[in-house]
Amino acid sequence: MSRPQPLSGFPELLPRQRIVEQQVVDHLSRVFELHGFGNLQTRAVEPMDQLLRKGETSKEVYVLRRLQADANDTGDAELGLHFDLTVPFARYVLENAGKLNFPFRRYQIQPVWRGERPQGGRYREFWQADVDIVDQGELPAHYEVEVALVIADALRGLPIPKVRMHVNNRKLSQGFYRGIGIADTDEALRIIDKLDKIGPDAVAKLLIDGVDATPEQAEACLRLASISAADTSFADEVRALGVEDPLLEEGLTELAAVVDAVAKEAPGFIVADMKIARGLDYYTGTVYEVFIEGREHLGSICSGGRYDRLASDGKNTYPGVGLSIGVSRLLVPLLQAGSLDATREVPTCVLVALADEDGRPEANALAQRLRRRGIPTQVSPSAAKFGKQIKFADKRGIPFVLFTNEEGTQIKDIRSGDQVTVDADTWEPPVQDLYPRITAE
RNA sequence: GUGGUCGUAGUUCAGUUGGUAGAACGCUUGGUUGUGGUCCAGGAGGUCGCGGGUUCAAGUCCCGUCGAUCACCCCA
């Protein structure tokens with residue numbers, strides 16, 4: 001086998017697929033910037049103690065080691081590749097707190113690495129597009145609404161199936177569990193998170209075995225988890241269960257505020273869903289998960305939440321709220337299914353045909369005139385028969401071929417076959433042909 | 001990390017109880033003496049993932065290994 005095989009979990013795209021990805025990332029950046037988020041990049045590696053703090057030892061972190069490192073050289077800090085963009089961002093905020101202006105908002109689009117076993121929609125190397133807002137000391141609740149609306153704006157502008165954001169509040173769930181007498185509310189949350197996957201009976205059993213719940217307590221947890229609503233009516237349903245706890249009340253109020261505000265600005269986008277829990281343990285309040293309708297099995301394509309204690313140097317605390325879009329999880333399955341494609345596989349809009357090799361300098365000059373006016377142009381690779389040069393363009397999806405002959409400069413639209421004489425200094429392609437576009441389904 | 005399935009031309013796949021490989025599409029040449037897409041006629045391309053074993057004989061059976069894929073775990 002001399003031909004290299006792909007590496008499981010490290011997806012690579014073909015040119016036309018990459019064009020789709022590139023345009024999606026451009027779109028996300030544009031929307032984030034429209035909302036006032038500036039871009040940031042952080043290094044690929046973090047010290048292991050940064051990555052593993054907050055009890056994240058379950059994370060499959062890729063550890064970095066120099067090939068020539070001395071076996072007994074313990075001088076270097078151990079490094080690992082980051083597995084998300086939130087933890088490096090929290091570190092960055094602490095490191096540069098004195099130079100940043102708070103409240104601080106940024107977006108970050110970078111690859112992350114996780115050593116898990118790959119599967120459809122799960123990769124070992126994948127791209128995340130992250131938006132966060134952090135403040136110093138206290139983080140006002142309205143930011144929880146704002147980040148959700150940024151994501152609504154970003155995702156709804158993409159040519160993808162309908163998406164829906166499910167929100168919950170950890171205070172609500174944990175207050176409820178505490179209110180009915182369950183001690184290990186963190187574990188209860190993790191078990192409830194499995195509901196969609198393993199079903200109510202299995203969850204009840206896990207609750208009884210895992211957090212010493214009585215069958216009645218497990219039943220109450222399941223009833224809470226079954227509540228969902230696109231408006232604030234969920235609060236009454238929860239209160240109707242008759243559990244009293246101050247943390248629960250706090251969570252209900254906060255969640256109602258988020259749902260109410262987001263539903264008004266982005267109708268149909270958000271739904272309060274009491275079974276959303278999130279595995280990551282640094283979330284302290286609102287948690288979000290976004291699913292593609294009809295592709296729930298992929299898992300969430302965007303998620304996040306509020307974290308009050310992730311960034312703290314002991315003296316100052318920088319609470320934040322943010323969401324992360326799994327760009328690879330969102331796109332790769334749609335690309336592989338052929339639901340998303342590009343109109344062509346190269347940026348080129350015009351191919352300048354070549355009658356003979358001696359004409360190349362003139363052709364180059366002609367191409368340059370088009371480029372100066374922003375029209376992506378390339379010159380034919382060889383002075384082959386015109387049929388072959390047209391075929392060269394056709395195979396790549398290049399819409400126009402430019403010929404120079406006795407009649408002057410002629411542009412042929414190879415889709416229609418129409419060929420007309422034009423002035424190379426004024427001719428414009430139709431706007432939809434200037435750059436490759438994304439086509440859906 | 002645990003378990004199931006799979007691994008044949010560039011691609012998608014055939015390959016009959018073991019008898020040393022085939023189709024379609026794609027690619028390429030020509031028909032078409034410099035304007036493609038249709039049509040016709042030719043052509044190139046495979047140590048059957050890799051290694052070992054059983055057999056007179058292995059793409060086909062067995063073992064190992066690598067890779068892919070699905071489920072669990074966990075998550076974007």
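In what follows, every chain begins at residue 1, and chains take the letters A, B, ... in the order their sequences are listed.
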Contacts to RNA chain B from residues 415-429 of chain A, heavy-atom cutoff under 4.0 Å, which residues?
-> A:Arg415, A:Gly417, A:Gln419
Would you mind writing out the side-chain donor-acceptor pairs for residues 198-209 of chain A within the sub-3.5 Å range, not counting sequence neighbours?
unit_1, atom_1, unit_2, atom_2, d
A:Lys205, NZ, A:Asp209, OD2, 3.2

Whether [X] contacts [N] is assessed here as follows: a side-chain N or O lying under 4.0 Å from the phosphate OP1 or OP2. Is that the case?
{"X": "A:Lys194", "N": "B:rC74", "result": "yes"}
{"X": "A:Lys385", "N": "B:rG36", "result": "no"}
{"X": "A:Gln119", "N": "B:rA71", "result": "yes"}
{"X": "A:Ser303", "N": "B:rA76", "result": "yes"}

Quick one: list whatever passes ring pair (Phe, Tyr, Trp, His ring centres under 6.0 Å) with A:Phe392, sequence neighbours left out.
-> none
Residues two or more places apart in sequence or in another chain: which of them pass ring pair (Phe, Tyr, Trp, His ring centres under 6.0 Å) with A:Tyr307?
-> none
Compare the aromatic ring of A:Phe386 with the six-membered base ring of B:rG36 and state whether they stack according to the 5.5 Å and 30° rule.
-> no
Measure the CG-CD distance between A:Leu370 and A:Gln378 for me, rounded to the nearest 0.5 Å.
-> 12.5 Å
Contact check, side chains of A:Arg106 and A:Phe89, non-hydrogen atoms, under 4.5 Å | yes
Mind checking whether A:Ile411 and A:Phe403 have side chains closer than 4.5 Å, heavy atoms only?
-> no
State which residues pass side chain to side chain contact (heavy atoms under 4.5 Å, CB included) with A:Thr421; sequence neighbours excluded, sorted by chain then number.
-> A:Glu407, A:Gln410
Quick note, A:Glu116 side chain, CB onward, closest among B:rG36, B:rC27, B:rA76 is B:rA76
Is there a donor and acceptor pair closer than 3.5 Å between the side chain of A:Arg122 and the base of B:rA76?
-> no
Heavy-atom donor-acceptor pair, A:Asp394 side-chain to B:rG37 base, under 3.5 Å | no
Who pairs with B:rG43 - Watson-Crick or G-U, where each distance is under 3.5 Å = B:rC27
Once you apply the 3.5 Å cut-off to both distances, tell me the Watson-Crick or G-U wobble partner of B:rG37, or none.
-> none
Mapping A:Val327 and A:Arg117 onto RNA chain B by nearest heavy atom, which one lands closer to the 5' end?
-> A:Arg117
Using the closest heavy atom to pick a nucleotide of RNA chain B for each, name whichever of A:Gly304 or A:Gly9 lands nearer the 5' end.
-> A:Gly9
Does the ring of A:Tyr62 carry A:Arg124 above it, NZ/CZ under 6.0 angstrom from centre and within 45° of its axis?
-> no
Are A:Phe102 and A:Tyr318 an aromatic pair by the rule of ring centers under 6.0 Å?
-> yes
Could you go through nucleotides 40-44 of chain B and list every protein N or O atom that sits under 3.5 Å from one of its N or O atoms, giving the distance for each pair?
none

